[in-house]
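To start, the structure itself, in structure tokens.
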Amino acid sequence: MIKVKLKRITALLLSGIMIASSLATPAYAIYSYYSMDALTDADRAIKDWTWSADAEQEALDPLVGLTPTGLSQQQTAIMGGYTTKFWFQDEGAKTVTINHNGKDIEIDFSKFNHRYYSCADSHNTGWFAPIGSQMVFKQMYFPTTNLGDYPEFIKNAPVDMEEKKFILLMISMLSAAYETPSASDLKDSDCSSMYYYLLWLSIWANDIYADSGVFHGVSPEDDWDYVRDMVRVGYPERLNPDAWGSTAIYDAFRDGGPAQKYFFNCWRAAKFLSTFDYSDIGTSLPLSEPIMGEDGMYHMTFDYSSLDEYSKEVYRRLVADNLAAGWEYDNNGSYIDFKSADGNSDGNAIAVLRFQENSEEDHFYNCGFGIGGLAGFRGCSKGKGTRPTWGNTQTYFSAVSEPLEILVGGILTGTGGEGDWKVSVDRYEHTETWETHYNVQLRKYDSETGQPLAGSKWDILEAFDASQLDSTDLESADNWANAKGSQFLRWDGWDYGDGNPDGDIANDPCTWDINVTNSDGLLMLGDNEENATNKVAHTDVKSYTYTKGYCGGHPDPDIEESGDPEVDAEIEAAAQEAWEAEVNKCEELAAKGGFFHSIDPGTAQEDLEADRNEYYKQFISLRYDYSAVELNPRPGYTIHGVHKDDIPIEIKTVTSSEYKDSNNKPTSLKESTQMRMKMLQPILPQADLGGERTNYVADGNTNVATPAHASASTADYEVEEMEDIEQEDSEEATPSNATASNAKKKTRLLSQLKDLFEAPKKLIEKNTVSLYASADDDNNDSLDGNFKPSEVPTISPIDGSIVDHTFVVYDHRTEGEIHINKRDLYLKDGENDNYDAYGDAVGDGTLEGAVYGLFALQNINHPDGHTGTVYQKDDLVAVATTDRNGDASFMAYTEAPGMTWNYNSGMIEKTPRRYPWPR
């Protein structure tokens, strides 16, 4: 699948381990493929559009940053039709070359034909691509030490970097190590579906259920338990049997069954692979330095005798191919030995290590997933407007297998006569990706009872003043990660959504704007059926990648003299020339920008670290504006902004949680918070809320907060440290406060599964906001330096859970009116086309002064969902008196609960019934 082209490569691991466990054909196999014949006209139009030249060109736009694959999305019903499995179909697969950290990586998408893929990225909400539509490639993910090389759900897993590495390798193995199913098996509900379940549920165990099911790589039994229980404990009623009578999947996940065997074998393979360093995408076999042996030969060895039995079996099966001239290879079952007369390979690879394939047992150990990479894909859906939108679906993950291949490199030296010289120059590329979290919340209450209101639908509005970037270096070309332009998304005014349908749909920072209050009145992320999930809203995650280079200094050449003055002079001149050439190369790199150079060792590294820290401080200091608009109120209430007593919702300038958790003073930005607020028009008088300055902004009749389109001031301001930023604690589980000690909390499994383990139309993903113009950079001239992985430690993530602001909203009940008219009975009988008895009375009679009571026909419950019954059946709720025309109106509840009319005494009295009246 993947080939890496490097000028000089020391070693490359292209392996996993093949596990040929198969699921027997079930007795109740069901052909449950979703045919494209069933597509609606709208979905068919989207599908056809994804294959058009215009659509492919739009996907390739740097602002979209996706790559057409020539693969279509296919689905087959599973769980008796409760949900589906996803797989790729080759419709004319493409081969593309991407660049990752200066290395060209070729991806042949035809290798994904008939392979399963599954979704992740926290499984929030979003849209689904129609069956048969083209899938697009998003990014390759690698098990390096750089957090930016991991998908969001692994980034957020509450484990350390080594465990994240294992998780990525494990999920890649599960996706890659099974034999490609036939089309007929893919279209069947049970055939080969075991592998889809394992991929799907393992991703979920490390994503939405990471507090309980995350993989730690300690033992296969521990990591297997949660995956097994998701099938056998979470949904036995859907799989034992399913709606079609099959128990194949339920049986496969029993202890000792084929699913467990496959899982355990993948686990051992991933554990073996996690011992390698993938910082250079490849890795070097940890050979010893060349040592002269008793046989007069130079030996470079690797001792694997102390490793676990599985790893030893892998190494024992390695054979050497393409040995460099003068080198010999030996593998005695305990160590690998390369030997030669001079120990030199002129900088070329010594050999390629591959698996032998002499038996079925050998084959068991030999089938991998390329270079340890997991591919991320997206699709195209209807979007929120009138045209399809690339990338607004879930993110899907898949990997394919390649045989093991390890390249073993030599050492670099120079030779002059009988003496030697060596110039040591190390150049490093440092890259890291940071995240900031902008957290706002909303609580909704009844203005009358003060009780929390559930079921209210909201859109959180977001605005970004891009002019603040002008006083930062964040968009500088010196940052190699900006090779394709700015990493920041720009849009005018509030972001597009149901609360602002006139917004910029092409640059929408949030692809899912449905948030619903729960029973505590707290705003939660909504699902596709607009029900509150268990995830607190609202958090926007922004990311930024910093990539620059530095040299390790230029020490004097290491010269071994020959004893001959003429020869030594030649050696010294050659060494000096080589040293100067390396200095010139560093100076050229520095002139291009983004590279730090110094003759003295360590100085350039310190300079890069200081520069990195400044970029990070600038990034976490950015500010965004937030407000909110109610889309649908709780039944029985008016939409916020309609009632005359509604308080308009404020606009709040929000800083990142990381900024609040940092003790650093923010850098100078183009506008202060006060200057930014002047741009948000029209502005109503400020309210004093305990010292916090908050602006209320009204727009027309709906009181929707709206940012103005006035231009920013060009004056520079020094932003003062905001010591009064509101910080609210949240007890909701977040990646920052979840720990490994939470593992195996199986008591929560069933309720969690019922929330999110639903039909496929509910397993939809909210895009974590990506600030990338594109995740895959073109070849960057600045990267022509044969870089080593950076030795600068990355910035440790700080608290991303601090809430900046909570919008507190009080809504009013829907108020109704009842109007009656009293008329003279005899005059009423005489009404005709020419006469209306309205307001007339006979003789000295009058219609004025008649008193009427309004009684409850049935129990009247308060709409807040908490207060309960206010008026019981037959209670008197209101009294009205007619005017001279006989008109009377019930405009409000005039009587306290529990009152009735005593017809004997002619008085309003408390009812003799005994029940707790609400106050």
Do the side chains of [Y] and [X] get nearer than 4.5 Å, heavy atoms only?
| X | Y | answer |
| --- | --- | --- |
| Tyr141 | Gln139 | yes |
| Tyr544 | Asn479 | yes |
| Tyr659 | Thr436 | no |
| Phe338 | Tyr298 | no |

Between [X] and [Y], what is the shortest heavy-atom contact and its length?
| X | Y | result |
| --- | --- | --- |
| Ala604 | Cys551 | CB-O, 3.4 Å |
| Ala177 | Cys266 | CB-SG, 4.2 Å |
| Ile336 | Tyr304 | CG1-CE2, 3.9 Å |
| Met173 | Ala269 | CE-CB, 3.7 Å |

Counterpart residues, side chain to side chain contact (heavy atoms under 4.5 Å, CB included), relative to Val319 (two or more places apart):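 Result, side chain to side chain contact (heavy atoms under 4.5 Å, CB included) vs Val319: Gln356.
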Could you work out, with side chain to side chain contact (heavy atoms under 4.5 Å, CB included) as the rule, every residue matching Glu577, not counting sequence neighbours?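 Glu577: no side chain to side chain contact (heavy atoms under 4.5 Å, CB included) contacts found.
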Please determine if Lys271 forms a cation-pi arrangement with Tyr310, meaning its NZ or CZ atom is less than 6.0 Å from the six-membered ring centre and no more than 45° off the ring axis.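 No; the conditions do not both hold, so Lys271 does not lie above the ring face of Tyr310.
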Can a side-chain donor-acceptor contact be found between Ser305 and Lys312 if the only test is distance below 3.5 angstrom?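 On atom types as modelled, these side chains do not qualify, holding no pair under 3.5 Å.
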Any residue meeting salt bridge (charged side-chain N to carboxylate O under 4.0 Å, His left out) with Glu328, in chain and number order, not counting sequence neighbours: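 Listed in chain order: Lys339.
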Ser656/His437 under side-chain contact (heavy atoms from CB on, under 4.5 Å): CA gap, chis, key distance, verdict: CA-CA 5 Å; Ser656 69; His437 298 74; over 6 Å; no
Please evaluate residues Phe397 and Phe153 with respect to the criterion ring-ring contact (aromatic ring centres under 6.0 Å, His included), reporting the C-alpha separation (whole Å), side-chain torsions for both, the decisive distance (0.1 Å), and the verdict. CA-CA 11 Å; Phe397 297 92; Phe153 76 98; 5.5 Å; yes
